[in-house]
Structures are given as structure tokens and as C-alpha cells.
Amino acid sequence: MTNLSALTIFHDPTSEPSRAVHWLCIEANIPIDIKYTWLTRGEHLSKAFLAVNPLHQIPAMQHNDFCLSEATAIMNYLTDIHGCSDKWFGANHRSKAVINKHLSWYHTNLRKISTLEYFLPVLLMPAYLGIAKPSAIEIEAKLNALHAMFKNLDFLLEGKDFLSGNDISAADLLYACDIFALRIDPNFKQIIERYPNICGWLTKLESRPSYRLSHKAWDYIVPQILALNGGSKGSPAWIADTCEQVIG
């Protein structure tokens with residue numbers, strides 16, 4: 001029998017995939033020990049953390065002598081050892097295939113276009129590090145790609161409560177965390193309101209008590225980043241300092 005003790009998640013609530021892992025644990029009532037590992041303090045580069053994940057990325061997991069990285073792999077492992085994988089990753093061949101389809105689309109479309117190509121260079125890095133934004137022409141191209149991706153996602157949600165149908169899955173949590181990250185864009189409302197299916201789906205997810213618990217630090221920091229109006233405070237360590245005020 002798997003020893004469920006000594007299971008630690010290395011977590012930074014400003015990381016989208018890390019929030020998704022935390023959100024799943026709350027939803028599925030999976031007990032974990034959270035070790036906050038702040039990206040904005042460089043704690044992901046410490047010798048102790050590199051022993052867990054030499055690729056220095058959050059989230060990461062340590063379960064006794066077993067270490068694991070990548071949010072989807074961690075979520076699969078956690079639900080497997082707690083006997084609830086069927087609910088979150090599919091109970092039969094077809095439902096598993098559908099959820100895996102959405103997980104694949106997440107990596108090759110939503111996260112790539114929304115987070116890696118738009119959110120990070122246009123919104124987050126300028127606020128965290130004072131890095132210059134891309135040119136206006138580059139931002140327009142990134143926004144066009146973002147809207148094309150959202151149009152496809154809106155179509156995927158047509159007539160459904162969640163991505164795979166009537167029931168929530170791990171894919172919903174991963175997708176939503178990346179989209180909620182965009183709230184540091186002052187134009188987020190104008191961007192997202194074009195897509196009624198996405199808006200309705202996000203409202204369902206945000207209404208869950210688990211959302212509030214898993215996003216309280218991020219939701220606390222969003223208005224403070226917006227107040228910078230495209231500027232930064234120099235050292236990004238203030239992000240971790242501020243988040244710690246609400247995580248308890």
C-alpha cells in the first residue's frame with residue numbers, strides 16, 4: 001500500500017500550473033504539505049529545490065524518495081494514489097481520450113499562445129522585472145493569435161458545462177488558471193467578453209469554494225499589479241512579500 005504521508009508540493013501561487021495542482025488538491029480533498037517556493041525570490045534556484053527538480057520549475061512534488069515535476073504528471077499521480085483518477089482524468093477509454101485531447105490542446109495552444117507568448121512578455125515580465133514590452137506591432141500580432149485561440153476554445157465549450165461535458169476535469173482547472181492569469185491585463189474584460197461560452201464556464205469555475213482558496217494570493221496581487229499601470233517596483237520580491245500577507 002502506498003504511504004500517503006510525507007507528500008510535499010513545492011508551490012508558488014503566482015504560477016498558473018502550480019495553482020492548478022493546488023486547486024485540484026482542494027477539490028479532490030487530497031491532503032498535501034505545501035512548501036512555498038517563491039519564484040520572485042529565486043527560491044526555485046536553491047540547492048535544496050534543485051535536488052527535487054533540477055529543471056528549477058514550479059510546481060514540483062516530493063513523495064518520500066520520489067520526485068516529480070510538470071503539473072499534469074503531478075495531478076495524475078495524486079489522483080491515482082488517492083483513488084480518484086476516474087473523476088479527474090476519465091473513467092473509460094473514451095472519456096480518458098477526450099480529457100487527454102484537451103490536455104494536449106492546453107500545451108500546444110492555450111498555454112503556448114496565452115501564457116508563454118502573450119502573458120509573460122507583455123504583462124508579467126514588465127511588471128516583475130521592468131523589462132520593456134514588445135513593440136506595438138508585436139503585441140498586436142500576439143493579441144490576434146490570442147483571439148484566434150479563444151475563438152477555438154469558445155467553440156470547444158459550445159453547449160457544455162465543462163470541457164469534457166457535464167463534469168469537471170483536470171483540464172478545466174489547468175485551462176482556467178492560465179486564463180485567470182490574464183486579469184493583470186487592464187483590457188482583460190474587453191478581451192474575454194467576446195466569448196460567451198468561455199465567460200459562462202469561467203463563472204462556474206470561479207463560483208466553486210475551491211477557487212477562492214486556491215486563488216486568494218493571486219487575486220490579492222492582481223489589483224496591485226494593475227495599479228502599477230505598466231510599471232514595476234524594481235525587485236520582484238515584493239510579489240512574494242505581498243502574497244504572504246494572505247496565505248497565512
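Count residues from 1 along the sequence.
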Nearest-0.5 Å distance that lies between atom NZ in Lys160 and atom CG in Asp172: 9.0 Å
Glu117: which of Arg111, Lys142, Lys112 passes salt bridge (Lys or Arg N to Asp or Glu O under 4.0 Å): Lys112
Between CH2 on residue Trp238 and CD1 on residue Ile221, distance to nearest 0.5 Å: 4.5 Å
Option from His22, His11, His44 for which ring pair (Phe, Tyr, Trp, His ring centres under 6.0 Å) with Tyr36 holds: His11
Polar side-chain atom of Asn64 near backbone of Phe66 as donor-acceptor pair, under 3.5 Å: no
Under-4.0 Å salt bridge between Arg41 and Asp241: yes
Carboxylate-amine/guanidinium proximity below 4.0 Å for Arg183 and Glu16: no
Where Leu226 and Ile184 come nearest, the two heavy atoms and their spacing: CD2-O, 3.2 Å
Carboxylate-amine/guanidinium contact Lys35 Glu43, below 4.0 Å: no
Side-chain donor/acceptor of Asp185 to backbone N/O of Leu123, under 3.5 Å: no
Mutual orientation of the aromatic rings belonging to His147 and Tyr195 [parallel < 30°, tilted 30-60°, perpendicular > 60°]: tilted
Which atom of Phe162 lies closest to which atom of Leu157, heavy atoms considered: C-CD2, 4.0 Å
Plane angle bin for Phe180 and Trp23 - parallel if under 30°, tilted between 30 and 60°, otherwise perpendicular: tilted
Nearest heavy atoms of Leu103 and His107, plus distance in Å: O-CD2, 3.2 Å
Separation between CG of Leu163 and OH of Tyr106, rounded to the nearest 0.5 Å: 12.0 Å
Polar side-chain atom of Asp33 near backbone of Leu7 as donor-acceptor pair, under 3.5 Å: no
